[in-house]
**Student:** 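I'd like to ask you about the structure that follows.
Lettering follows sequence order; numbering is per chain, from 1.
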2 protein chains.
Amino acid sequence: MADINDIIRKLTGKGMKVTPQRVAVYEALSTNYHPTAEEIYRKVQEKLPGLSFTTVYNILDVLVAKDLAHRVKTETDIMRYDAVTDHHHHLYCTSSDRVEDYFDPELDEILRNYFENKHPNGFIISDIKLQLMGQFNLPKDDIIN
Amino acid sequence: MADINDIIRKLTGKGMKVTPQRVAVYEALSTNYHPTAEEIYRKVQEKLPGLSFTTVYNILDVLVAKDLAHRVKTETDIMRYDAVTDHHHHLYCTSSDRVEDYFDPELDEILRNYFENKHPNGFIISDIKLQLMGQFNLPKDDIIN
DNA sequence: ATATTTGATTGTAATAATTACAATTTATAA
DNA sequence: TTATAAATTGTAATTATTACAATCAAATAT
């Protein structure tokens, strides 16, 4: 899952040089939940004390460019990152900055059919993402850290 | 549409004091397309040269709090604001920061039915918004590889 | 109409997140 | 092993946003 060799395979598969910083950032991204750049920085610093904040931003940028990570942003919160790049939707908690992934192939099928040959405002749709706003009825502790 | 009296009515209707700054900011918000705070600031300054940037932020905050405006944010762009507060979706251009509103009551009905009594991850849904990613009929040589 | 009060606006300065850039170091391919 | 192209680092700059105290104005009471 967050196996080092798997990470190395993913980086090289995208033509990226493998560095300790990149491996560690990608690992922190995969094992934490929608972390911010700062959360990743703090996490990775435990292993690589010399790590620069700039490097974290650089690596996140290239991961996003290579589609190994996505950016996640709410209306109020700062930028967060997501190593889950398979198609999915998001549940946004309206009373906190918590964001959860949501997979629903059945719904995707419905949406795909609905938008087949549909071009609102002459728009060519390449992806459909849902933002489900609401509340989690069970209080749950933070996953990060 | 962007009639001054209409704006005054909206502000007072939300229990807000009516000031020239508020009227002008709301007007700029209504007649422009998902403007940033800075775009609003520059626009309003033409009429009110003494305007402070802080005031623009203050007013936008209170408009959002009173549900007279919404925040709109893409994954890369800075904060934008939207005076259209009726339920709608967004078309996000993947090759620019352009965002357009999209209304589709038929689709809303389908989604409402689909999520009736559905609580993914114990989540109580209060609103469903679509992000349609794609391109606005772009000429071929504008597409980046 | 005038005074009072409550809230809005302003200017400055601070903060937070992110980016620019030049120097240094490192991973990889020859 | 060496060359080189790319990655990392540290610093400084930039950008967006917020904090805050002083001033000012709109609504309300007198």
Side-chain angles (χ1 to χ4, degrees), chain A residues 4-5 7-28 34-45 47-66 68-69 71-81 97, chain B residues 4-5 7-28 34-45 47-66 68-69 71-81 97:
Chain A
I4 302 292
N5 290 324
I7 291 171
I8 292 171
R9 220 172 298 124
K10 280 190 172 157
L11 298 177
T12 51
K14 293 286 183 176
M16 291 170 65
K17 278 192 184 174
V18 176
T19 65
Q21 291 88 343
R22 285 177 171 185
V23 173
V25 165
Y26 189 81
E27 191 184 22
H34 295 151
T36 63
E38 207 213 336
E39 284 161 0
I40 292 166
Y41 173 69
R42 285 206 309 267
K43 186 84 185 172
V44 175
Q45 258 208 342
K47 285 195 172 183
L48 305 171
L51 180 77
S52 162
F53 221 132
T54 305
T55 302
V56 173
Y57 277 109
N58 288 342
I59 293 173
L60 288 171
D61 281 352
V62 70
L63 287 175
V64 169
K66 300 284 185 180
L68 287 176
R71 294 183 211 272
V72 183
K73 210 172 203 176
T74 69
E75 285 168 9
T76 49
D77 198 24
I78 61 170
M79 189 67 73
R80 293 176 176 277
Y81 296 84
D97 283 327
Chain B
I4 303 292
N5 290 324
I7 291 171
I8 292 171
R9 221 172 298 123
K10 278 188 174 158
L11 297 177
T12 51
K14 293 286 184 176
M16 290 170 65
K17 278 191 184 175
V18 176
T19 66
Q21 291 88 343
R22 285 177 170 183
V23 172
V25 166
Y26 189 81
E27 191 184 22
H34 294 154
T36 63
E38 206 212 338
E39 284 161 0
I40 293 167
Y41 173 69
R42 286 207 307 269
K43 186 84 187 174
V44 175
Q45 258 209 342
K47 286 194 170 183
L48 305 171
L51 181 77
S52 161
F53 221 132
T54 305
T55 302
V56 174
Y57 278 109
N58 288 341
I59 293 173
L60 288 171
D61 282 351
V62 70
L63 287 175
V64 169
K66 300 283 186 180
L68 287 175
R71 294 182 211 273
V72 183
K73 210 173 203 175
T74 69
E75 285 168 10
T76 48
D77 198 25
I78 60 170
M79 190 64 75
R80 292 177 174 277
Y81 295 84
D97 284 327

**Student:** Between P on C:dT9 and CD on B:Gln45, what's the gap in Å once rounded to a whole number?
**Tutor:**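 Atom CD in B:Gln45 sits about 15 Å away from atom P in C:dT9.
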**Student:** Give A:Val62 one of three labels, base, sugar-phosphate or nothing, depending on what nucleic acid heavy atoms sit under 4.0 Å from its own.
**Tutor:**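 No contact at all - A:Val62 keeps every heavy atom at 4.0 Å or more from the nucleic acid.
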**Student:** Let me know the distance between CZ of A:Arg22 and P of C:dT25, rounded to the nearest Å.
**Tutor:**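 After rounding, the reported distance stands at 19 Å.
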**Student:** Give a yes/no answer on whether the side chain of B:Thr19 brings an N or O atom under 4.0 Å of OP1 or OP2 in D:dA25.
**Tutor:**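 Checking D:dA25 against B:Thr19, no side-chain N or O comes under 4.0 Å of OP1 or OP2.
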**Student:** Choosing from C:dT9, C:dT19, C:dA27, which nucleotide comes nearest the side chain of A:Lys17?
**Tutor:**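 Per side-chain heavy atoms of A:Lys17, the pick is C:dA27.
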**Student:** Closest heavy-atom contact between A:Val56 and A:Ala37?
**Tutor:**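 Smallest interatomic distance, heavy atoms only, reads CG1-O, 3.8 Å.
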**Student:** How long is the gap from OG1 on A:Thr36 to CG on A:Leu60, to the nearest 0.5 Å?
**Tutor:**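 So the OG1 of A:Thr36 and the CG of A:Leu60 are separated by 9.5 Å.
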**Student:** Measuring from the side chain of B:Gln21 (C-beta onward, heavy atoms only), which nucleotide among C:dT9, D:dA26, C:dT19 has the closest atom?
**Tutor:**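 My answer, after comparing the listed nucleotides, is C:dT9.
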**Student:** A:Phe53 has an atom CZ; how far is it from atom P of C:dC21, in whole Å?
**Tutor:**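 After rounding, the reported distance stands at 20 Å.
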**Student:** Nearest-Å distance, CD (A:Glu39) to P (C:dA17)?
**Tutor:**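 After rounding, the reported distance stands at 10 Å.
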**Student:** Please determine, for the side chain of B:Ser52, which listed nucleotide (C:dG11, C:dT19, D:dT18) has the closest atom?
**Tutor:**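 Per side-chain heavy atoms of B:Ser52, the pick is C:dG11.
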**Student:** Which value, rounded to the nearest 0.5 Å, describes the distance between A:Ile7 atom CD1 and A:Thr12 atom OG1?
**Tutor:**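 Taking CD1 in A:Ile7 and OG1 in A:Thr12, the distance rounds to 11.5 Å.
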**Student:** Nearest to the side chain of A:Pro20, which nucleotide is it out of C:dA27, C:dA17, D:dT9?
**Tutor:**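 Nearest to the side chain of A:Pro20 among the choices is C:dA27.
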**Student:** Output the rounded distance in Å from CG (B:Leu51) to C1' (C:dA8).
**Tutor:**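 Distance check: B:Leu51 CG to C:dA8 C1' gives 12 Å.
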**Student:** Provide, to the nearest angstrom, the distance between the OH atom belonging to B:Tyr41 and the C1' atom belonging to D:dA16.
**Tutor:**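 Result: 14 Å.
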**Student:** Any donor-acceptor pair, under 3.5 Å, between the side chain of B:Thr54 and the base of C:dT12, if you only look at N and O atoms?
**Tutor:**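 Answer is yes: a donor-acceptor pair is held.
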**Student:** Sort out for me which residue in A:Lys47, A:Lys10, A:Lys43, A:Arg22 forms a salt bridge (Lys or Arg N to Asp or Glu O under 4.0 Å) with A:Glu27.
**Tutor:**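 Single pass found, and it is A:Lys47.
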**Student:** Could you tell me whether the phosphate oxygens of C:dT18, OP1 or OP2, come under 4.0 Å of any side-chain nitrogen or oxygen in A:Tyr57?
**Tutor:**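 Answer is yes, contact under 4.0 Å.
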**Student:** Grab the CG-P distance between A:Asn58 and C:dT25 for me, whole Å please.
**Tutor:**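 In whole Å, C:dT25 P lies 18 Å from A:Asn58 CG.
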**Student:** How many angstroms lie between CG in A:Asp61 and CZ in A:Arg71, if you round to the nearest 0.5 Å?
**Tutor:**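 Between A:Asp61 CG and A:Arg71 CZ, I get 5.0 Å after rounding to 0.5 Å.
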**Student:** Rounded to the nearest Å, what distance is computed from the CD1 atom of residue B:Ile59 to the C1' atom of nucleotide C:dT10?
**Tutor:**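 That distance rounds to 12 Å.
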